[in-house]
**Q** 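There's a structure below that I have some questions on.
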Amino acid sequence: MSHKHKGKTRKLVLIVGMTALFGLILNENVRMIGNSMKAGIFTGQIRSAYKAETLESDESELLHGLYAKAAVLMDGDSGRVLFDKNGEVSLPNASTTKIMTCILALENGHMDDLVNISAYADSMPEVAAGLEEGEQYYLQDLLYSMMLESHNDTAAAIAEHIGGSAEAFADMMNEKAAQIGCTGTFFVTPNGLDAQAEDENGQLRSHSTTAKDLALIMRYCITQSPKKDDFIEITTTENYTVKSQNSGRIISCYNRNSFLNMMDGASSGKTGYTGRAGYCYVGSLNDSGRTFIVALLACGWPNHKNYKWQDTKKLMTYGIENYHYRNLLKACELSPAEVSDGISASGQLYDAAYVPVGIDSSAGQGLQFLMKDDEEIDVAADYERTLAAPVYQGQRIGTAVYSVSGWEAAQFPIITTGSVQKAGFGWYCLKTAEKLISEVY
């Protein structure tokens, strides 16, 4: 064989060998990358591409970063849930219950009512003010004791005074919860201590609520109740002195809601803890005209009492940074409605008349709604598409529903913006006479 052919053969062998070796290396790298992807430890450019495809949203990152088993961030104005983690799961809620006890007492009692302490109230466990059977206190003093220090005995005394008994007061609590819109709440005690009772269907249920319901109750307390100002005044007071009206006992109370000093605008709230419920919290914050409410259930157990503050600050910050008021109204063109038996301005019978329609949003001019910058406003128009003459301008023929992410934000009438006269008996008589006259002449 010539040297020339030998050289070509060596090159060919070398190329084939290198190709095979490269193939083996590539195959092994692909296998390793595949295994690494499964294990979540791959690196480099492939990792970047994979992360781009599976990048979690802000909501998902927040969801996984919370300690609470159930949490809700709510718009205090509309009641819309802005963030939800198991928000409709019923769980024990400990002393956050006392916001309901407080608002019921404010609405059904008087601050200067004299409350007698019973053996039942005296028997309540810690946390307690140490009330003794036979003592008397003003209702106002007991409300401060309950909301600032979370005293269980004062809650029991308040319940008996307002409801006649703790059981009757629990019925009042559940009735009020239903009126507010709560669907997963069942109250047994006025102080939130773990307990069970039969509901109206005879089923044994535990004292519990949902994060969404708890936020709704707080919303009612601070924005809707006729006693909202009194509620806020009590829950934001730093300290208060309670005095018995017959024994002379003095009880000093200090507000245990540390969140009031953690963020600007913090406006109300209530803590809670029992062995079954864990640490719970419900609180509100005002910022630039916006009201945010956070409700947390099962947010850690000892020694993690600060988890609730971390979660509350995360959720409040998320709301402040992402939700702003925007004008709810937007232009929306609607198809005209067809009108039968109509005549034109010149007196001619229409074959098919049409009247323009529009949304009467005059009552909503400047209407603001809390939403994200990327949220869309949807309009669902439901109106009569065929009408019988006469049709008058401004006649209501339907309703337009404005919604944001499935939440109904407002409703406005759909009205006619024109008119069509009716071809009635008189018109037919006139046309008949005109025809007869034309035939004569």
Side-chain angles (χ1 to χ4, degrees), residues 51 54-96 99 150 184 209-219 221-223 235-236 255-273 277-325 370-375 404-405 407:
K51 282 184 68 177
T54 61
L55 187 64
E56 294 181 322
S57 65
D58 290 343
E59 291 87 349
S60 295
E61 291 176 356
L62 182 59
L63 179 71
H64 295 298
L66 294 176
Y67 293 108
K69 288 186 178 180
V72 154
L73 171 67
M74 179 176 286
D75 170 16
D77 182 19
S78 67
R80 181 166 77 119
V81 173
L82 308 179
F83 176 86
D84 180 332
K85 176 184 178 182
N86 300 322
E88 297 194 37
V89 176
S90 294
L91 294 169
N93 63 303
S95 287
T96 58
I99 65 171
S150 202
T209 188
T210 69
K212 179 182 177 182
D213 285 358
L214 186 57
L216 283 174
I217 297 170
M218 174 58 85
R219 174 176 178 254
C221 291
I222 64 173
T223 69
T235 55
T236 55
N255 200 322
R256 303 302 179 182
N257 180 14
S258 299
F259 183 69
L260 292 174
N261 300 312
M262 289 183 179
M263 290 186 72
D264 291 340
S267 57
S268 183
K270 184 70 189 73
T271 59
Y273 175 82
Y279 291 109
C280 304
Y281 182 68
V282 59
S284 61
L285 179 145
N286 299 322
D287 181 87
S288 303
R290 301 169 293 175
T291 299
F292 296 103
I293 297 171
V294 165
L296 307 171
L297 298 176
C299 193
W301 273 261
N303 296 311
H304 300 296
K305 65 186 304 181
N306 290 327
Y307 280 179
K308 61 182 179 291
W309 306 133
Q310 296 177 45
D311 280 5
T312 300
K313 286 190 285 187
K314 283 181 183 179
L315 288 167
M316 291 297 190
T317 300
Y318 174 77
I320 292 169
E321 293 179 350
N322 289 280
Y323 285 90
H324 303 88
Y325 279 110
L370 197 64
M371 65 184 86
K372 280 186 172 180
D373 292 338
D374 60 355
E375 283 189 296
V404 178
S405 299
W407 177 270

**Q** Can you confirm whether Ser150 sits close enough to Lys270 that some side-chain heavy atom of one is under 4.5 Å from a side-chain heavy atom of the other?
**A** yes

**Q** Of all heavy-atom pairs between Trp309 and Arg256, which one has the smallest distance, and what is that distance?
**A** CZ2-O, 4.4 Å

**Q** Please examine the side chains of Glu375 and Trp407, heavy atoms only from C-beta on, and report whether any two atoms are closer than 4.5 Å.
**A** no

**Q** What's the shortest heavy-atom distance between Gly87 and Thr210, and which atoms?
**A** O-CB, 3.3 Å

**Q** Any chance you could measure Phe259, atom CZ, to Leu285, atom CG, to the nearest 0.5 Å?
**A** 5.0 Å

**Q** Is there a side-chain contact between Tyr273 and Pro302, using heavy atoms and a 4.5 Å cut-off?
**A** yes

**Q** Locate the shortest heavy-atom distance separating Gly184 from Asp213; write the atom from each residue and the value.
**A** N-OD2, 2.7 Å

**Q** How about NZ on Lys305, more than 12 heavy atoms from neighbouring residues, nucleotides or ligands closer than 6.0 Å, or not?
**A** no

**Q** Does a donor on one side chain and an acceptor on the other come within less than 3.5 Å for Asn257 and Tyr281?
**A** yes

**Q** For Tyr279 and Trp301, which heavy atoms make the closest approach, and how far apart are they?
**A** CE1-C, 3.6 Å

**Q** In the structure I gave you, are the side-chain heavy atoms of Thr312 and Phe292 within less than 4.5 Å of one another anywhere?
**A** no

**Q** So do Val89 and Lys69 actually touch side chain to side chain, heavy atoms under 4.5 Å?
**A** no

**Q** Please round to the nearest 0.5 Å and tell me the distance separating atom CG of Leu66 and atom NZ of Lys314.
**A** 6.0 Å

**Q** Should we count CG of Asp374 as having more than 12 external heavy atoms under 6.0 Å?
**A** yes

**Q** Quick one: NZ on Lys212 to CG on Asn86, what's the gap to the nearest 0.5 Å?
**A** 14.0 Å

**Q** Say you draw a straight line from OG of Ser267 to CG of Leu260; how long is it, rounded to the nearest 0.5 Å?
**A** 8.0 Å

**Q** Rounded to the nearest 0.5 Å, how far does CG of Leu315 lie from CD of Gln310?
**A** 12.0 Å

**Q** When you compare the side chain of Leu73 with that of Leu82, does any pair of heavy atoms fall below 4.5 Å?
**A** yes

**Q** Between Asp287 and Arg290, is the closest basic N to carboxylate O distance under 4.0 Å?
**A** yes

**Q** State, yes or no, whether a side-chain contact exists between Asn93 and Val282 at a heavy-atom distance under 4.5 Å.
**A** no

**Q** State the CG-CG distance between Leu296 and Leu214, to the nearest 0.5 angstrom.
**A** 9.0 Å

**Q** Using every non-hydrogen atom in the two residues, find where Asp311 and Cys299 come nearest and quote the distance to one decimal.
**A** OD2-SG, 3.2 Å

**Q** Taking all non-hydrogen atoms of both residues into account, name the closest pair between Ser284 and Ile222 and its distance.
**A** CB-CD1, 3.5 Å

